[in-house]
Amino acid sequence: MRYTITGATGHLGSAITEQLLTQTDGHQIRLAVHTVQKAAKFQDSGVEIVPIDFFDESSLIKAFSDTDVLIYVPSKSDQAFARVTELEHVINAAERARVHHLLSMGFIADQVNNPFALSPFYGYLPRRLAGSGLSYTIIRNALYADPLKPYLPELIERHNVIYPVGDQALTFITLADSAKAFAKVAVTPKLLKNHQIYTLTQSRNYTMPQLAALLSEVSHEQIGYSPVTLAEFEAMYNQDGEGHMLASMYAGGALGLLNEVSDDYQTIMGHPATPLAEFIAEN
């Protein structure tokens, strides 16, 4: 089997690579990356590292050749049009390279009425794959729980969770759990079903008062819930110009579109995802 992973130097792609190395031999893994030097940490594992440009189909066709399972982790972009264009190149290249199966990352903010800036891409993804000639599986992630750890000191200082989602709940998954599920699906034929869509979440969701109570318990500090407006949130977290994207995501959360709970993780792994309280309590 040959597994090719895009985005293998990013947070999720790197974690998937590490998990896949526990499931199969490194010589069966190809990392398709923008900057080869960034993947140097995997060289001793025997993996093949090849350069790609998502907007140069010839580089993709070459990287995807002789691939049984292509694990597609999209590039980091806050523009839906760029993501959709990238996806078109990936699909066209995968078809021309005769990739046997595509395993793609999705996200729960893919509803037709979701105002999230990248919702057009995540909604287009399953529809476009359904119309392609590829065999495919999609794994939809909930919100990553990981940013809550470095964010906790700021919340303690503020004494409040400030996410602008009102009385609606949010669902989380850890990046490590997501990577484990991707690797398990990739190497397990009975899980790698054509047209299958999995959704990775923890076993419950959290309203913001519930999240504040959990963070209070873990940190031994009193944290409440006092939401800012979407405009205020956008201005506060506009580093690298991502404020609008983040605010639009929570706008979808305020509509109840980020509260989905699924038992797919347990179906894949045989046990529940890491609970949020346990994850936050670590370190």
Side-chain angles (χ1 to χ4, degrees), residues 1-52 54 60 63-64 66-77 90 94 99-107 136-150 172-192 196 198-202 264-276 278-283:
M1 293 288 288
R2 168 71 71 178
Y3 303 91
T4 299
I5 307 171
T6 72
T9 58
H11 294 302
L12 179 61
S14 180
I16 292 172
T17 302
E18 291 172 357
Q19 289 297 323
L20 199 56
L21 283 167
T22 69
Q23 303 285 326
T24 190
D25 186 85
H27 293 92
Q28 294 180 281
I29 301 172
R30 177 187 294 144
L31 308 184
V33 299
H34 281 279
T35 307
V36 170
Q37 292 79 1
K38 290 184 178 180
K41 67 178 181 179
F42 293 115
Q43 285 182 327
D44 292 341
S45 303
V47 302
E48 179 185 2
I49 304 171
V50 298
I52 61 166
F54 276 125
L60 297 177
F64 297 168
D66 190 33
T67 294
D68 293 292
V69 180
L70 170 60
I71 302 175
Y72 170 48
V73 179
S75 63
K76 190 175 185 294
S77 170
V90 168
V99 168
H100 293 177
H101 197 94
L102 189 149
L103 175 58
S104 177
M105 186 198 85
F107 184 48
Y136 69 90
T137 302
I138 297 172
I139 297 182
R140 300 164 73 237
N141 282 319
L143 292 164
Y144 286 136
D146 300 70
L148 285 170
K149 280 189 177 182
F172 299 93
I173 190 73
T174 69
L175 189 145
D177 279 349
S178 176
K180 290 174 184 176
F182 265 91
K184 183 68 177 293
V185 170
V187 302
T188 310
K190 69 178 182 180
L191 295 173
L192 198 68
Q196 178 71 50
Y198 297 105
T199 300
L200 303 183
T201 76
Q202 295 167 349
D264 286 348
Y265 184 87
Q266 178 153 340
T267 297
I268 294 168
M269 300 301 299
H271 58 81
T274 306
L276 187 59
E278 178 182 325
F279 175 72
I280 299 294
E282 294 173 353
N283 304 315

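Computed from a prediction, not measured in an experiment: that's the story for all the values here.
Taking each heavy atom of Ala181 and Ile139 in turn, the nearest pair found is O-CD1, 4.2 Å. Taking every heavy atom of both residues into account, Arg2 and Asp68 meet most closely at N-OD2, 2.7 Å. The nearest pair of heavy atoms linking Leu31 to Ile29 is CD2-CG2, 3.7 Å. Nearest approach of Val50 to Val36, heavy atoms of both residues: C-CG2, 4.4 Å. Across every non-hydrogen atom of Met105 and Tyr144, the tightest pair is SD-OH, 4.3 Å. Ile71 and Ala186 get closest at one heavy-atom pair: CD1-CB, 4.0 Å.
Using a 4.5 Å cut-off on side-chain heavy atoms (C-beta onward), Thr35 and Val33 make no contact. Tyr265 places a side-chain heavy atom less than 4.5 Å from the side chain of Lys180.
Going from atom CG of Leu276 over to atom CZ of Phe172 covers 6.0 Å, rounded to the nearest 0.5 Å. Distance check: Asn141 CG to Ile173 CD1 gives 7.0 Å after rounding to the nearest 0.5 Å. To the nearest 0.5 Å, atom CD1 of residue Ile52 and atom NE2 of residue His34 are 5.0 Å apart. For the atom pair CE of Met1 and OG1 of Thr24, the computed distance is 8.5 Å after rounding to the nearest 0.5 Å. Note that the CZ atom of Phe64 and the OH atom of Tyr72 stand 8.5 Å from one another [nearest 0.5 Å]. To the nearest 0.5 Å, atom CG of residue Leu143 and atom OG1 of residue Thr174 are 13.0 Å apart.
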Please list every donor-acceptor pair under 3.5 Å in which a side-chain atom of residues 5-17 meets a protein atom from a residue at least two apart or in another chain.
{"unit_1": "Thr6", "atom_1": "OG1", "unit_2": "Val73", "atom_2": "N", "d": "2.9"}
{"unit_1": "Thr6", "atom_1": "OG1", "unit_2": "Val73", "atom_2": "O", "d": "3.0"}
{"unit_1": "Ser14", "atom_1": "OG", "unit_2": "Lys41", "atom_2": "NZ", "d": "2.9"}
{"unit_1": "Thr17", "atom_1": "OG1", "unit_2": "Gly13", "atom_2": "O", "d": "2.8"}

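Side chain of Asp177 to main chain of Ala273: no donor-acceptor pair is present (N/O by atom type, distance under 3.5 Å, no hydrogens or angles). Asp264 places a side-chain N or O within donor-acceptor distance of the main-chain N or O of Thr199, the cut-off being under 3.5 Å. Here the side chain of Lys184 pairs a donor or acceptor atom with the backbone of Ile268 at under 3.5 angstrom.
Each of Ile138, Leu103, Thr137 was evaluated against Gln196; a single residue qualifies, Thr137, per the side chain to side chain contact (heavy atoms under 4.5 Å, CB included) test.
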Exercise. For Val187 and Tyr3, what are the C-alpha separation, side-chain angles and deciding distance, and is it a side-chain contact (heavy atoms from CB on, under 4.5 Å)?
Worked result: CA-CA 9 Å; Val187 302; Tyr3 303 91; 3.6 Å; yes
For this session: Quick one: do Leu70 and His101 satisfy side-chain contact (heavy atoms from CB on, under 4.5 Å)? Show the steps, please.
Result: CA-CA 6 Å; Leu70 170 60; His101 197 94; over 6 Å; no
